[in-house]
S.K.: 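Please read through the structure below; I'll follow up with questions.
Residue numbers begin at 1 in each chain, while the letters A, B, ... track the order of the sequences. Remember, it's a predicted structure, so these values are computed and weren't measured experimentally.
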Amino acid sequence: MRIATWNVNSVGARLPRLLDWLETRQPDVAALQETKCADAGFPFAEVEALGYEVMHVGDGRWNGVAILSRVGLTPVADALPGMTEPRYATADCGGLRVTSVYVPNGRAVDDAQYPYKLEWFAALRRTLDELDPAAPQVIMGDFNVARTDADLWDPALFVGSTHVTPAERAAMDALVDWGLTDVVARPGKNDRPYTYWDYRAGRFHQDQGMRIDYVLASAGVAVEDAYVDRDARKGKLPSDHAPVVVDLALVSA
DNA sequence: ATGGCTGTTAGTAACAGA
């Protein structure tokens, strides 16, 4: 099974590229983030025409997540308990539980969005309490955390910022420590692991990015290959994120 | 040098992203 996660930064603005990407990469399951639309604005017909079932959670100009699957899709949850923004979707897809997450940015450590981000992580962690780490599961998306300084093109620029604080990194560790593997992609350009590059200042061209998009896989998943699809960040009108693509097999208990 | 760009809804400006 091939799965992928991609922060598309508006599914409307990205539709031609999304459809081309689905046709050329052929993911069985794709988790999208930042669709930036309500259900009425989601291109269901175009995506379904490629053979995908779609679960979309969105309410307008910000946030929005989706799960696309051509191996079956049964929705499980469209929100974290107590969290109202459209940043979370879970579905069962061909024997694999798939969660698409768009973790709040946090903005600044002295902003109210920062404790909100940590609360959001805690709510995400609590969803695992009732689950079996041996069951096939992936939680993937834009986590807005660089787990280590190696995940930043210039760690000095992020001192005092969100995305790198011990609390945010501990929140990621708490997910991993429950029993999820941070799937490491094949080395990319210059062996750098980035999945996001700012639009400004030629950051992508200089490979000055961040690793903030992750695939977290349970022990019920055997990873066969993983890579960051940098080609999807090239050319005209790209998202500022690249997809992470993972080939895997389900491990029977 | 904390900017540089791109998206949305708005209606030629504000806000958000990371």
S.K.: Write down the distance separating the P atoms in B:dT9 and B:dG4, rounded off to the nearest Å.
M.R.: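 These two P atoms come out 22 Å apart once rounded.
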S.K.: Regarding A:Arg107, tell me which of base, sugar-phosphate or nothing describes its non-hydrogen contacts under 4.0 Å with the strands shown.
M.R.: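 Sugar-phosphate contact only.
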S.K.: Can you tell me if A:Thr5 and A:Gln33 form a side-chain donor-acceptor pair at under 3.5 Å?
M.R.: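 There is such a pair between these side chains.
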S.K.: Could you tell me the separation between the CG atom of A:Leu118 and the CD atom of A:Glu168, rounded to the nearest 0.5 Å?
M.R.: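 Here the interatomic distance stands at 6.0 Å.
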S.K.: B:dA10 and B:dT6: how far apart are their P atoms, nearest whole angstrom?
M.R.: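 Looking at atom P only, B:dA10 and B:dT6 are 23 Å apart.
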S.K.: Just by modelled atom types, is the A:Gln113 backbone N or O under 3.5 Å from a matching donor or acceptor in the A:Asp111 side chain?
M.R.: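 Judged by distance alone, yes, a pair lies under 3.5 Å.
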S.K.: What's A:Arg211 touching, base or sugar-phosphate or nothing? Going by heavy atoms closer than 4.0 Å.
M.R.: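 Here A:Arg211 touches no strand at all.
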S.K.: Using atom C1' in both nucleotides, what's the gap between B:dA1 and B:dA14 to the nearest angstrom?
M.R.: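 It comes out at 24 Å once rounded to the nearest Å.
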S.K.: Which whole number of Å gives the distance between the C1' atom of B:dT12 and that of B:dG17?
M.R.: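 Nearest-Å result for B:dT12 against B:dG17 at atom C1': 22 Å.
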S.K.: Hey, does A:Asn105 reach any base, or is it just sugar-phosphate, or nothing, if we go heavy atoms under 4.0 Å?
M.R.: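 Answer is base: heavy atoms of A:Asn105 come under 4.0 Å of a base.
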S.K.: Whether A:Asp231 and A:Lys234 form a salt bridge (side-chain N of Lys/Arg under 4.0 Å from carboxylate O of Asp/Glu) is what I want to check.
M.R.: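 Yes, this pair counts.
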S.K.: Where do A:His56 and A:Cys37 come nearest, in terms of heavy atoms and distance?
M.R.: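 Smallest interatomic distance, heavy atoms only, reads CE1-O, 3.2 Å.
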S.K.: Would you say A:Arg70's side chain and A:Gln26's backbone share a donor-acceptor pair under 3.5 angstrom?
M.R.: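 Here the side-chain-to-backbone pair exists.
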S.K.: Going by number, which of residues 148-162 of chain A have a non-hydrogen atom under 4.0 Å from DNA chain B?
M.R.: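 Close to the strand are A:Leu157.
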S.K.: Find the distance between CD (A:Glu53) and CZ (A:Phe44) and round it off to the nearest 0.5 Å.
M.R.: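 The distance works out to 12.0 Å.
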S.K.: Go nucleotide by nucleotide along DNA chain B from the 5' end; which of A:Gln113 and A:Pro238 gets its closest nucleotide reached first?
M.R.: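 The residue whose closest nucleotide sits nearer the 5' end is A:Pro238.
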S.K.: Determine the Euclidean distance between corresponding P atoms of B:dT8 and B:dA18; express it in Å to zero decimal places.
M.R.: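 That atom pair is separated by 15 Å.
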S.K.: Looking only at heavy atoms, which two atoms of A:Arg233 and A:Ser239 are closest? And how far apart?
M.R.: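 A:Arg233 and A:Ser239 have their closest heavy atoms at CD-O, 3.0 Å.
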S.K.: Does one hydrophobic cluster hold both A:Trp197 and A:Leu157, with members joined at side-chain heavy-atom distances below 4.5 Å?
M.R.: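 Yes; A:Leu157 is reachable from A:Trp197 via cluster members.
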S.K.: At a heavy-atom distance below 4.0 Å, which nucleotide of DNA chain B is the first touched by chain A, and which is the last?
M.R.: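 Here the contact window of chain A covers B:dT2 to B:dA18.
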S.K.: For A:Asp142, report the nucleic acid contact type (base, sugar-phosphate, nothing); a contact means any heavy atom under 4.0 Å.
M.R.: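 The residue A:Asp142 makes sugar-phosphate contact but no base contact.
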S.K.: Determine the contact category for A:Asn7: base if any of its heavy atoms lies under 4.0 Å from a base atom, sugar-phosphate if only primed atoms, P, OP1 or OP2 are that close, otherwise nothing.
M.R.: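 Contact class for A:Asn7: sugar-phosphate only.
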S.K.: Base, sugar-phosphate, or nothing for A:Tyr102, non-hydrogen atoms under 4.0 angstrom?
M.R.: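 Result for A:Tyr102 = sugar-phosphate.
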S.K.: Distance check, P atoms only: B:dG7 and B:dT2, in whole angstrom units.
M.R.: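 So the two P atoms sit 25 Å from each other.
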